[in-house]
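Accompanying notes for the structure given below.
The basis for the numbers below is simple: all heavy atoms, side chains too, and nothing from hydrogens, waters or symmetry mates.
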Amino acid sequence: MSDGDSAAQGDTSPDIENLALDVRENFLLAGRVRLLQPTKGFRSGLDAVFLAAAVPAAPGDRVHEAGSGSGAGVLCVAARVPDTIVTGIEIQDQMTSLARANAALNGYADRAHFHTGDITALREPVPDATLADHVMMNPPYQERGKARRSPLRENHLSRMEENGDLKDWIAYGLDRLKPQGSLSIVHRADRLDDLLACLRGRAGEIAIFPLWPGVDKPAKRVVVRARKGVRSRMRMLPGMVLHRPDGAYTQDANQVLRSLAP
């Protein structure tokens with residue numbers, strides 16, 4: 001969820017003026033990341049911020065996001081970690097344009113680059129020089145045919161597997177990683193077994209971080225981090241409760257949502 005939003009009016013940036021979308025401005029990381037998002041359709045928020053916080057990037061690292069949307073996740077990484085080079089690939093051309101506008105809006109145009117493409121159709125080997133130190137992703141949560149199709153195509157592409165499945169997303173991410181690089185994923189907790197099956201034999205040092213919506217409530221989301229080609233055992237981390245009984249964010253959740261610290 002955003003820390004707040006306001007109408008995106010009065011901004012004269014050429015990139016914003018030329019967007020073929022109605023947008024609204026949101027703020028992440030306590031206003032440190034300005035984010036233009038569509039007024040209709042899928043909007044990034046809480047999942048993207050927690051995913052970015054899981055990426056163990058250091059200054060100078062290359063971080064790549066699969067399914068980058070409006071750029072929320074990878075731009076949070078750019079804000080948290082100075083001098084990172086961040087890139088994203090997104091199937092929707094309008095969202096790619098929006099991510100580029102957001103990179104410029106936050107002053108990251110020189111180190112944040114976004115491209116349009118279908119990750120399930122990219123089979124060419126990646127040159128070693130462009131392999132990432134870290135890959136992050138928030139794959140579609142719904143399996144094809146197991147949920148009602150959204151009438152809005154933008155929502156459908158963001159939420160439901162279409163051309164490929166979770167296995168294709170994981171394969172793409174690992175193919176674009178340097179040896180021993182990290183892969184960070186946020187997904188539905190009830191699909192954790194599918195996710196682990198996709199990682200088996202290709203990545204290790206798996207760490208699972210559950211996100212509980214409230215005390216005594218089952219986790220709905222998990223953040224999973226793994227390293228390419230590493231064989232260390234899996235760890236189940238303590239996780240985090242997101243909301244207090246009154247609905248407000250817990251202190252731990254607020255620290256992630258508002259802090260720049262990795």
Side-chain angles (χ1 to χ4, degrees), residues 38 41-44 47-48 51-52 54-55 62-74 77 86-100 112-179 181-188 190-203 206 221-229:
F42 180 80
R43 299 166 64 80
S44 298
D47 288 351
L51 174 61
V55 178
R62 302 178 70 94
V63 182
H64 178 66
E65 183 172 18
S68 46
S70 62
V74 78
V77 173
V86 300
T87 61
I89 186 169
E90 166 60 41
I91 196 170
Q92 301 177 70
D93 189 58
Q94 287 185 330
M95 296 301 284
T96 301
S97 297
L98 191 55
R100 290 171 179 160
H113 308 284
F114 298 92
H115 309 279
T116 302
D118 181 353
I119 62 118
T120 67
L122 299 175
R123 304 300 182 193
E124 301 84 2
V126 181
D128 289 346
T130 61
L131 288 174
D133 299 284
H134 313 280
V135 171
M136 56 191 289
M137 61 177 65
N138 182 359
Y141 288 155
Q142 303 291 343
E143 296 175 86
R144 189 185 336 179
K146 293 191 176 182
R148 180 179 299 176
R149 184 185 181 95
S150 171
L152 192 63
R153 180 164 173 77
E154 291 83 358
N155 271 345
H156 171 73
L157 288 172
S158 299
R159 301 184 182 194
M160 186 177 293
E161 297 170 353
E162 186 172 83
N163 297 339
D165 56 19
L166 186 56
K167 178 176 64 177
D168 296 307
W169 281 79
I170 301 299
Y172 171 87
L174 291 173
D175 286 347
R176 273 141 188 82
L177 266 179
K178 294 179 180 178
S182 80
L183 175 65
S184 298
I185 309 156
V186 61
H187 215 289
R188 283 173 27 200
D190 62 358
R191 295 199 65 192
L192 178 59
D193 56 342
D194 296 333
L195 202 161
L196 294 177
C198 295
L199 293 171
R200 187 170 295 119
R202 299 197 65 187
I206 297 170
R221 298 282 185 269
V222 288
V223 178
V224 176
R225 190 167 72 199
R227 293 180 62 203
K228 179 178 179 177

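Legend: residues meeting side-chain contact (heavy atoms from CB on, under 4.5 Å) with Ala99, ordered by chain and number and at least two apart, are Phe114. In terms of the salt bridge (Lys or Arg N to Asp or Glu O under 4.0 Å) criterion, residue partners of Arg202 (sequence neighbours excluded) are, by chain and number, Asp175. In this structure, the side-chain contact (heavy atoms from CB on, under 4.5 Å) partners of Leu131, at least two apart in sequence or on a different chain, are Val126, Asp128, Lys178. Qualifying side chain to side chain donor-acceptor pair (under 3.5 Å) partners for Arg227, counting only residues two or more places apart in sequence or in other chains: Gln180, Glu205. Qualifying salt bridge (Lys or Arg N to Asp or Glu O under 4.0 Å) partners for Asp190, counting only residues two or more places apart in sequence or in other chains: Arg188. Every residue was checked against the ring pair (Phe, Tyr, Trp, His ring centres under 6.0 Å) condition with His134, not counting sequence neighbours, and none meets it.
Taking CZ of Arg191 as the start and CG of Leu166 as the end, the distance is 5.0 Å to the nearest 0.5 Å. Here Ser184 contributes atom OG and Asn138 contributes atom CG; the two are 12.0 Å apart, rounded to the nearest 0.5 Å. Here the CG atom belonging to Leu177 is positioned 9.5 Å from the NE2 atom belonging to His64, to the nearest 0.5 angstrom. One finds the CG atom of Leu174 at 6.5 Å from the CG atom of Leu199 (value rounded to the nearest 0.5 Å). Annotation: the span from Gln92 atom CD to Thr116 atom OG1 amounts to 9.5 Å, rounded to 0.5 Å. Rounding to the nearest 0.5 Å gives a distance of 13.0 Å between OG of Ser70 and CD of Gln94.
Side-chain contact between Ile89 and Tyr172 is present, with at least one heavy-atom pair separated by less than 4.5 Å. In this structure, the side chains of Ser68 and Met95 stay at 4.5 Å or more apart for every pair of heavy atoms. Side-chain contact between Pro140 and Trp169 is present, with at least one heavy-atom pair separated by less than 4.5 Å. For the pair Val77/Glu65, no side-chain contact is recorded, criterion being any heavy-atom separation below 4.5 Å from C-beta on.
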Before giving the answer on side-chain contact (heavy atoms from CB on, under 4.5 Å), spell out for Ile185 and Ile170 the whole-Å C-alpha distance, their side-chain angles and the decisive distance to 0.1 Å.
CA-CA 9 Å; Ile185 309 156; Ile170 301 299; 3.4 Å; yes
side-chain contact (heavy atoms from CB on, under 4.5 Å) evaluation trace for Ile206 with Val224
CA-CA 7 Å; Ile206 297 170; Val224 176; 3.9 Å; yes
Give the intermediate values and the outcome of side-chain contact (heavy atoms from CB on, under 4.5 Å) for residues Leu183 and Met137.
CA-CA 8 Å; Leu183 175 65; Met137 61 177 65; 3.9 Å; yes
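For the pair Asp165 (side chain) and Asp168 (backbone), a donor-acceptor distance under 3.5 Å is present. Between the Glu90 side chain and the Gly69 main chain, a donor and an acceptor come within less than 3.5 Å of each other. Distance alone, capped at 3.5 Å, places no donor-acceptor pair between the Lys228 side chain and the Gly181 backbone. For Arg225 (side chain) and Ser182 (main-chain N/O), no donor-acceptor pair under 3.5 Å exists by modelled atom type.
Considering all non-hydrogen atoms of both residues, Val223 and Ala54 come closest at CG1-CB, 3.5 Å.
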